[in-house]
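Keep in mind that what you see is a predicted model, and the values were worked out from it rather than measured.
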Amino acid sequence: MDNLPENQSHSQSGGGLPVIQYWAEKTLSPQGLKLWQTLNHKSTCLSCAWGSGGQKGGFVNEAGEYLQRCAKSVEAIAAELQPGIKPDFFQKYNINELQELTSQECDNLGRLSYPLILKSGSSHYQRISWEEVYQIAAQAFSITPERIASYSSGRSSNEAAYLLQLLMRSLGSNNLADCSDLCHAPSTLGLKKVFGAGTSMVSLENLKHSDCVVLIGSNAPANHPRLMNELIKLRQRNGKVIIINPQIEIGLVKFASPAFPIKSLLTGGSDISTLYLQPIPGSDVALFVGLQKSLIEQNLINQEYLKSYTNNWAEILEYANNTTWENITQTCGLSHEEITATASLIGKSSKVVFAWAMGVTQQANGVDNILSIANTALITGNAGKIGAGTMPIRGHSNVQGFGSMGVTVNLREEIKQALSKLLGKPLSETPGYHTRDLITAAENSKVDTLFCLGGNLYAANPDLSQAKRALSQIETIFYVATKPNLGHFHGLGKTQTLILPVFNRFENPHKTTTESGNNFVRLNDEGTSHLQPHNSHLISEIELITEIAHRLHDENPINWRKLQDPVYVRELIAKTIPGYEKIGEIDQTKEEFTITGRIFDEPKFKTPDSKAQMFITPLPQLSIPEKSEFGFEENQPGIVLILGTGRSYGQHNTVVYRSEDKYRNMPHRHCILMNNLDIKKAGFQEHQRVTVKGDGGELENIEIICGAIREGVAFMFYPEANVLFKGKIDPESGTPAYKRVPVFLY
């Protein structure tokens, strides 16, 4: 690693002692016994989509390997094991006081255990009965279908997801916004265009045969720690790991995994990156076109593969050939030599996996980024064989399952036909709102009822002022949740806002299923809640959705109350969702399975002619605004930077468990990570407090932290930083560019 900055010590590593200390602290806490019982419960991890848990036990992954839990699992479970919020809490604190809470403080309030309503003009949430909830729901959903919408996250089960979309489509609404619209929608759309399937083509087992992984725009040590075990094993078999990220995450340089205790203790961890590239944010297409150009020049392309298994390949090669090195290097900020060395590593490896997270997708040209990565995989023959392929890394444990179940505005035709047959009528052809369209429609008073199955629609969006304003135009909002979050106190409806408490995954009184990011379906055992029977009024999401549907439809066209039996739901899933046929027998067989038609071990894809479709990806035109665009004179002291927002190491999505980030040396949530040269250029000093201004708002009293980040680039935590920007939107996917936000520091 020759390109590490001076302030980044080679002896440091990700993981290691802080993780072990955290485990020990939680084990010795009053909830330690219950925590370990839950960690061993046969249910999928609540955190990322990497896929531990299921019928083989809580610590077992889909490949049958043990000790596959991480600190993220512990954080998520510990939060769910908190006591219930006291019955008089919401009587004591008014909505203005609740709006003063941070994300961490909201989560620390404890578990929700009774339904609540905040009515227009009232200062306090009030407790209500479930019967009142159903009466309100029956009225709120009995309106024009186009004015009804839902939003969801990956915290729920496949069964709940299936019922949600079935309810919405039975009403005639296609407004099924989902958290994936804000993160991996470009992956789904791009991969479908190229391969006919929008998920990973690489199974966990296949990954074990790879000799090179290209990891782009991911902070896996924080967000997918168990992936690090696979990278460690790959390096042990002399494989290569190429990291592409504007910020040097120390865990991607060296990682001390508890799964390799001797290595961690003796050497301080395992080497991860073979090569670490720090491109300009938003320039991924330029880098990958450059890699294609270099692969051609080094005679490392697989032309026979291209002729046999792809369409439009000649145009892709011609475009790369005709793009100048000057244009490529100026756009991505990397040298010809760096790109050449990277192309050489890729081209001389036999089985390459291209993996990425939101650094790639949360850009104004997110779909083009995916297409350019897929093109690079194809010209080297690294798609459709064991140990190679494209692998988006999903951030939420069942977010991919929601898409599979039909929670999407882009419903596959075969699912549409099957659902039409099930519901006894054609589905509505009115285009649905994805998440950003939903916010715009709400702001324009086009939405009257919103049903949020998990998630935090308010805080997950850019431009929090707009999000708050938009949600305030919706007559009735239902928030289905296990714990309070910022949205419950800021994203308030015009007439009424309801918070509906449900069981979490390991508490459900029935079995459920979830889907990993590598297309593996897991079966979760039933469980019990530590909150019951003491003053708890929790119900399951399945019961909630089916009872609302029953109040609206009775038994037309299906027996909705019969759908309170998840076994019956799984039978319907098996009949209507392609690739999920085995779920209809999973209660008898207990056989967890890989969804058919997604893992490509041979270069025959799910396109009409079985060939991959390649698309030209134009280089982005990137620019940095002048100070005047922020309302300042050019002589105003300060600096314009490109900001990327992301999670801290003690965070899952918008939920903050710990305010500090030890690995980045960021002591609290109100910091900005900067390159030392930028700090000096602006006339600042480390730890100085500054104001950060974007095109949506500004944040004062932000502490400067010096870090291993590319010059001209900065990093801040979301959701706090979301107030700064309106966010450019990828026109194809609707995903905002959270990773390229121009800001002015002064």
Side-chain angles (χ1 to χ4, degrees), residues 49 178 180-204 206-207 213-218 284-285 288 309-313 316 352-363 365-385 388-395 399-404 406-415 434 515-520 578-579 594-617 730-735:
D178 186 71
S180 62
D181 300 332
L182 301 175
C183 55
H184 266 292
S187 301
T188 303
L189 291 172
L191 293 176
K192 276 185 179 177
K193 288 177 73 168
V194 179
F195 302 112
T199 64
S200 174
M201 69 169 67
V202 182
S203 66
L204 179 56
N206 276 0
L207 181 61
V213 168
V214 184
L215 185 61
I216 318 140
S218 164
D284 302 274
V285 165
F288 279 91
Y309 305 117
T310 72
N311 290 322
N312 204 34
W313 61 272
I316 305 306
V352 185
V353 169
F354 294 82
W356 63 87
M358 270 103 81
V360 174
T361 60
Q362 290 180 331
Q363 300 286 359
N365 62 338
V367 173
D368 274 355
N369 286 340
I370 306 308
L371 298 178
S372 68
I373 294 169
N375 287 343
T376 310
L378 288 164
I379 72 169
T380 52
N382 279 299
K385 66 179 179 182
T390 50
M391 190 177 80
I393 308 171
R394 307 280 177 168
V399 66
Q400 189 166 295
F402 267 69
S404 296
V407 180
T408 173
V409 295
N410 299 302
L411 192 63
R412 291 165 56 185
E413 188 59 37
E414 57 265 51
I415 300 178
H434 60 56
E515 177 186 324
S516 81
N518 294 92
N519 307 296
F520 194 77
T594 298
I595 302 160
T596 57
R598 296 188 184 176
I599 305 299
F600 297 121
D601 292 341
E602 56 180 347
K604 291 181 180 178
F605 306 107
K606 294 190 72 174
T607 55
D609 62 359
S610 298
K611 291 186 176 184
Q613 312 299 308
M614 301 178 76
F615 298 87
I616 289 174
T617 53
D730 176 14
E732 285 200 63
S733 67
T735 301

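A donor-acceptor contact shorter than 3.5 Å is absent between the side chain of Asn311 and the backbone of Gln613. Not a single donor-acceptor pair under 3.5 Å links the side chain of Ser610 to the backbone N or O of Lys606. Counting only distance, with no hydrogens or angles, the side chain of Asn518 and the backbone of Val202 share a donor-acceptor pair below 3.5 Å. Panel note: side chain Thr408, backbone Leu411; no donor-acceptor pair is recorded below 3.5 Å. Looking at Asp730, its side chain does come within 3.5 Å of a backbone N or O of Val367 through a donor-acceptor pair. Between the side chain of His434 and the backbone N or O of Asp178, no donor-acceptor pair lies under 3.5 Å. Within the 3.5 Å criterion, the main-chain N or O of Val352 finds a donor-acceptor partner in the side chain of Asn382. Judged by distance alone, with hydrogens and angles left aside, the side-chain atoms of Ser180 form no donor-acceptor pair with the main-chain N or O of His184 at under 3.5 Å. With hydrogens and angles disregarded, no donor-acceptor distance shorter than 3.5 Å links the side chain of Ser218 to the backbone of Leu215. Gln400 contributes no side-chain N or O that, together with a main-chain N or O of Ala49, makes up a donor-acceptor pair within less than 3.5 Å.
The nearest pair of heavy atoms linking Tyr309 to Pro603 is CD2-O, 3.4 Å. Minimum interatomic distance between Asp284 and Gly359 (heavy atoms only, all atoms of both residues): OD2-O, 4.1 Å. Considering all non-hydrogen atoms of both residues, Thr596 and Gly579 come closest at OG1-CA, 3.1 Å. The heavy-atom pair separating Ala377 from Thr390 by the smallest distance is CB-CG2, 4.3 Å. Residues Val353 and Ala388 approach most closely at CG2-CA, 3.9 Å, considering heavy atoms. What you find for Ile599 and Ser200 is that their closest heavy atoms are CD1-O, 4.0 Å.
Between Thr376 and Phe354 the shortest side-chain heavy-atom distance falls below 4.5 Å.
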Self-check item: Full working for side-chain contact (heavy atoms from CB on, under 4.5 Å) between Asp181 and Thr735
Solution: CA-CA 6 Å; Asp181 300 332; Thr735 301; 5.6 Å; no
Quiz prompt | Candidate pair Thr361 and Asn369, rule side-chain contact (heavy atoms from CB on, under 4.5 Å), full reasoning | solution = CA-CA 7 Å; Thr361 60; Asn369 286 340; over 6 Å; no
Self-check item: Trp356 and Ile370: CA distance, side-chain angles, deciding distance, side-chain contact (heavy atoms from CB on, under 4.5 Å) verdict
Solution: CA-CA 9 Å; Trp356 63 87; Ile370 306 308; 3.3 Å; yes
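Interatomic distance, CE of Met614 versus CD1 of Ile379, reported as 6.5 Å (0.5 Å rounding). Taking OG of Ser203 as the reference point, atom CD1 of Ile595 lies at 12.5 Å (rounded to 0.5 Å). Rounding to the nearest 0.5 angstrom, the gap separating the OG1 atom in Thr199 from the CE atom in Met391 is 12.0 Å. Atom OG1 of residue Thr617 and atom CG of residue Asn375 lie 5.5 Å apart, to the nearest 0.5 angstrom. We find the CG-OG1 distance between Asn410 and Thr188 to be 9.0 Å, quoted to the nearest 0.5 Å. One distance of note links CG of Asp368 with CD1 of Ile616; it measures 11.0 Å at 0.5 Å rounding.
Aromatic ring orientation, Phe195 versus Phe600: tilted (interplanar angle from 30° to 60°).
Cation-pi geometry between Lys193 and Phe615 is satisfied (NZ or CZ under 6.0 Å from the ring centre, within 45° of the ring normal).
For Pro578, the side chain to side chain contact (heavy atoms under 4.5 Å, CB included) partners are Arg412, Glu414, Ile415, not counting sequence neighbours.
Electrostatic pairing of Arg598 and Glu515 counts as a salt bridge here, judged by a charged N lying under 4.0 Å from a carboxylate O.
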